[in-house]
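Right, one structure below, let's go through it.
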Amino acid sequence: MRELTKVFEHATVDPKWYAYWEELGAFRASPASDRPVFSMVLPPPNVTGWLHIGHALNQTLPDIVARWKRMQGYDVLWLPGTDHAGIATQNVVEKQLAKENKTRHDLGREAFEARVWEWVKQSHGTITSQMRQLGSSVDWSRERFTLDESLSRAVRRVFVTLYKERLIYRGTYLVSWCPRCRTALSDLEVVHKDTAGKLYRIRYPYADGDGGVVVATTRPETMLGDTAVAVHPDDERYRALSERVIRLPVIGREIRFIRDEFVDPEFGTGAVKVTPAHDPNDFEMGRRHELAAISVIDEDGKMTAEAGPYVGRDRFDARRALVEQLDAEGLLVGVDEHIHSVGHCQRCRAVVEPLLSTQWFVKIRPLADRALEVVDQQKTRFVPANWTRTYNDWMTNIHDWCISRQLWWGHRIPAWYCDDCSEIVVSEETPSACACGGSLRQDTDVLDTWFSSGLWPFSTMGWPDSTRDLARYYPTTLLITAHDIIFFWVARMMMLGVRFAGDVPFKTVYITSLVRDAHGQKMSKSKGNVVDPLKLIGEIGADAFRFTLAALASPGMDISLSEGRLCGYRQFINKIWNASRFVLINLPETLTERPAVPRSAGLDVIHRWMLHRASELADEIGTALEEFRFDVAADRLYHAFWHEYADWYIELVKPHLQAEGTRRDTAIAVLLEVHDRFLRLLHPFIPFVTEEIWQALPRRPEDGRAVDTSRQTITLARFPEPVSEWDDSEAVDVVELLQEVITTIRTVRSEWGVPPSRKVTVVIEASFESEWEVLRTNADSITHLASLESLEFADHVPRDPDTVRRVVRNFQVHIPLAGIVDRSKETERVRKNLNKLVKQRESLRARLSNRAFVERAAPAVVDEARAKEQAIGQHQVKLEQILAELGG
RNA sequence: GGGCGGUUAGCUCAGGGGUAGAGCACCGGUUUUACACGCCGGCUGUCACAGGUUCAAAUCCUGUACCGCCCACCA
């Protein structure tokens, strides 16, 4: 036992306990144990810098679960790690180089990679330190990085296997290309934004000179690559034109006129220019009609030689110039304002260009079908369940996945090309030479970073080897992640996990919300509303921060980080701290072990009530956590600790602590038991402060023992369960009565401005002595909590105009306030109360006299209404008496 | 165009068939020996709008409006 400091100093306390937990190996999974398994993987943060507030939520919620399960006796594996984050990390380092006026090409591939590794090392340190500050109870001994050799081996194994199954192929298709990053992107990496643009109507003259057809386009510069003009097959307007040839302006190329179902006759002129090399729809049309695909924009976003006079010009520059030229030639028929969706690079915001390019793809349909199947069979469950639809819709409409990136940072594609023949060797190990004897060159591209993330749940456990971890912890029990990476990550893990690890990667996915600022705005650096979790932790401590996140984590709702709430929960931590100090200073010096709680049957009603509530609370918290209702659990704990335990029980128990002998011993035993249970229930949410307090309190030698040591930690103590022997509805009823009486007296005192220093003697009036017995037994509690001189009982109290009378159930509470009470004001008050009662009673009577209600409503509801009506009736009679005697 | 969520006290949000809750803010009292980051008391709402189902709707259904998010091959 130790004393607690006056205030909780999280800055010094938190790191101390985290180090202690690590030293004890408290977070280490124990594959050799016979305990039931609970496993999770941490969504690996990108090693691009530091954790933001969204990460904080996605560490806190699983940490609550991990700590809770660990305390329940599960063998918990929570596997941490980081993601190399190919394009994101490369961009960060390239930006650093740019400040030195360098590009990655100045360094060369090898030196550049070394430079990235340097950055990664530093960033990794920042991230893991942040995780420790947050209290994340991960198993650091199993930490992984997506570029670890063992994970890279898994990547190669998967690539080669899919290639052999023809589920990975290489080909030339239209892909989304970022001219700034100079790499291909997957569909998901293209962010579409509605943009105000222009719709240009351009006349394409017929080759034989007279007239022409007007087409509409938002991207005139691509017309230089047009190879046809298309109309809908049923479009009457163009019936006669099928034989005519069109001469493309500027370039002068003669192009065909085609009919295709794709064309919407309602849009524009019903005629559309076809550019197979720069538009996905046109690409498809081009295939259907065997059109040539002419690339007029290159990988840097500049016009190619095919663009004739525009060669070398930037695509947007070319657009402006071309429109001018068309206008000058009288071919620009009109320009309309037009809002349309423009694709931007997720990482650098540059406008993405559809380009014809040779890339590697995953043929996704077969993988997606199985991923749909397993969710349909409920092998994996989404919570909240409505995310299932989002997942299903995406999986159903999925397109092949472009997995090659023209980057330097990432897993090199395990494909080699022969210099001498056209052979492509795809192999896990570096091949020495081609079968033809020619020398081989490895593909210079790397894989999409999500390709390796998609293997995370099993690659981290040693796959493709058959490891003990894999056998024991895969499939994982639960994944907690935010909804913004359902497609990027969750869906890919499902497809690859089912295919390669032989089972779903997780049985349940809990999808969290995104964290926004106090006004519900998405946090972004440009808006300047980004909240740094470390700053918050510094200010209010990790515990208060975590508790706030938990309390605000209502399913399906994005979280607005409200300052008021943060502050309120910081004060909650303070409340816990001070209540604990109170408990500690009341303990006898000699007490070294937490004493057993006496059988509840003979205890005072306040103890019985508190034990009952403690038991009930364990049930409530357990249920809430089972349902991932972190918000409900936090709210219940907050209310129970503060407004039941601290406000009532601790206050009620104070006189007992002043006593001696059994009365005091009993109070201490119950107080300690309940306090200990609260700490354990709270620990998953606020690990640091609870450990600090728990360590200071007396406990039993067997509590929370770390493996092979005598050292104890609340982290390994048992999570409280309901205790059926403590069920006691009678005690609840009595304490509620006490609370009503006390509150009534307090309210009267407050209403009439009676200072706490003025002790009054209150008389409780009830018709029969047997009725007041229960109050008399607890008279000291009432006296204490209502600041009374004393409490007396009588079957009749003489009426006195200077005494305020209030009705509580079947009691009348007489509060003498000579010299204070203004009778007309008191009359007003009583009348107001009476009016309220009459209104309530009228509404109840109306209901009860409605035959339909009595016949159709549930009997319990009817009974309840009857009882209430009666009680109000009695109350009303008494108030009317009081009013009459007041002369009202 | 499709999908999802939201609209409850001044603010941030719970709740969810029987007649409204929390934190913060606000008002009054209070330094009672754990806590003024406290204690005690109080005030605050046609639960977005319109229909419907029901004995009973803030709660279920339908529609409308507004806000937000996601998806989509809107030349």
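Atom set for the values below is all heavy atoms of this structure, side chains included, hydrogens, waters and symmetry mates excluded. Proteins get letters first, then strands, A, B, ... in listed order; numbering begins at 1 in each.
For the residue pair A:Lys273/A:Thr222, the side-chain donor-acceptor check at 3.5 Å is satisfied. Between the side chains of A:Glu189 and A:Ser186, a donor-acceptor pair is found at a separation under 3.5 Å. With no hydrogens or angles considered, a side-chain donor-acceptor pair links A:Asn578 and A:Arg581 at under 3.5 Å. Remark: the A:His675 side chain and the A:Ser580 side chain contain an N/O donor-acceptor pair separated by less than 3.5 Å.
Distance A:Asp484 CG to B:rC71 C1': 14 Å, rounded to the nearest Å. The distance from atom CG of A:Asp631 to atom P of B:rG15 is 6 Å, rounded to the nearest whole Å. One can place CG of A:Asp187 at 15 Å from C1' of B:rC70, the figure rounded to the nearest angstrom. At whole-Å resolution of the value, CZ in A:Phe547 and P in B:rU12 are 21 Å apart. Distance A:Phe853 CZ to B:rA56 C1': 8 Å, rounded to the nearest Å. Taking atom CG of A:Asn833 as the reference point, atom P of B:rG42 lies 11 Å away to the nearest angstrom. When the P atom of B:rA75 is taken as reference, atom CD of A:Glu261 falls 19 Å away, rounded to whole Å. Whole-Å rounding puts the A:Asp235 CG to B:rA75 C1' distance at 14 Å.
For A:Lys654 and A:Phe582, the positive end sits near the middle of the six-membered ring, less than 6.0 Å away and at most 45° from its axis.
Salt-bridge check for A:Glu751 with A:Arg749: failed, with every basic side-chain N at 4.0 Å or more from each acidic carboxylate O. Ionic pairing of A:Glu353 and A:Arg219 is present here: one or more N-O contacts between side-chain nitrogen and carboxylate oxygen are shorter than 4.0 angstrom. With respect to A:Lys759 and A:Glu789, no salt bridge is recorded, no charged nitrogen being found less than 4.0 Å from a carboxylate O.
Contacts of A:Arg365 classified as side-chain contact (heavy atoms from CB on, under 4.5 Å), with partners at least two apart in sequence or in another chain: A:Ala368, A:Asp369, A:Leu372, A:Ile398. Residues satisfying the side-chain contact (heavy atoms from CB on, under 4.5 Å) test with A:Asp336, not counting sequence neighbours, are A:Leu199, A:Arg201. Residues passing the ring-ring contact (aromatic ring centres under 6.0 Å, His included) test with A:His232: none are found, sequence neighbours excluded.
Going from the P atom of B:rG41 to that of B:rU53 covers 45 Å, rounded to whole Å. When the C1' atom is compared between B:rU54 and B:rG18, the two are found 12 Å apart, to the nearest whole Å. Straight-line distance between the C1' atoms of B:rC69 and B:rU19: roughly 34 Å, to the nearest whole Å. Taking atom C1' on both nucleotides, B:rA48 is separated from B:rA65 by 8 Å, rounded to a whole Å. For the P atom pair drawn from B:rG52 and B:rA57, the interatomic distance equals 12 Å after rounding to whole Å. For B:rG42 and B:rA22, the P atoms lie 11 Å apart once the distance is rounded to whole Å. The gap from the C1' atom of B:rG45 to that of B:rC40 amounts to 25 Å, rounded to the nearest Å.
For A:Arg565, whose side chain is taken as the heavy atoms from C-beta onward, the closest listed nucleotide among B:rA75, B:rC71, B:rG23 is B:rG23. For A:Val272, counting side-chain heavy atoms from C-beta on, the closest listed nucleotide (B:rC69, B:rC13, B:rA75) is B:rA75.
Annotation: of the two residues near RNA chain B, A:Thr747 and A:Ser554, the 5′-most nearest-nucleotide partner is A:Ser554. Each of A:Phe267 and A:Gly564 lies near RNA chain B, and the nucleotide nearest A:Gly564 is the one positioned closer to the 5' end.
By the neighbour-count criterion of 12 heavy atoms within 6.0 Å, atom CD1 of A:Ile339 is sparsely surrounded, having that number or fewer from other residues, nucleotides or ligands.
Contact annotation for A:Ala865: no contact, since no heavy-atom pair falls under 4.0 Å across all strands. In this structure, A:Asn392 reaches neither bases nor backbone, as no heavy-atom distance under 4.0 Å exists between it and the strands shown.
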_Under the 3.5 Å Watson-Crick or G-U criterion, the dot-bracket string of RNA chain B, with | for inter-strand pairs_ = (((((((..((((....[..)))).(((((.......))))).....(((((..]....))))))))))))....
Between the protein and nucleotides 28-39 of chain B, which nitrogen or oxygen pairs come in under 3.5 angstrom?
from, atom 1, to, atom 2, distance (Å)
B:rA34, O2', A:Asn578, OD1, 2.9
B:rA34, O2', A:Arg581, NH1, 3.1
B:rA34, N7, A:Lys654, NZ, 3.4
B:rA34, N6, A:Glu651, OE2, 3.0
B:rA34, N3, A:Asn578, O, 3.1
B:rA34, N3, A:Ala579, N, 3.1
B:rC35, O4', A:Asn578, OD1, 3.1
B:rC35, O4', A:Asn578, ND2, 3.4
B:rC35, O2', A:Asn574, OD1, 3.3
B:rC35, O2', A:Asn578, ND2, 3.4
B:rC35, O2, A:Lys575, NZ, 3.1
B:rC35, N3, A:Lys575, NZ, 2.8
B:rC37, O4', A:Gln571, OE1, 3.4
B:rC37, O2', A:Asn574, OD1, 3.0
B:rG38, OP1, A:Gln571, NE2, 3.0
B:rG38, O3', A:Lys575, NZ, 3.1
B:rC39, OP1, A:Lys575, NZ, 2.8
B:rC39, OP1, A:Trp642, NE1, 2.5

Please write out each protein N/O paired with an N/O of nucleotides 2-9 of chain B under 3.5 Å, distance rounded to 0.1 Å.
none

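Between A:Trp577 and A:Phe8, the ring centre distance stays below 6.0 Å.
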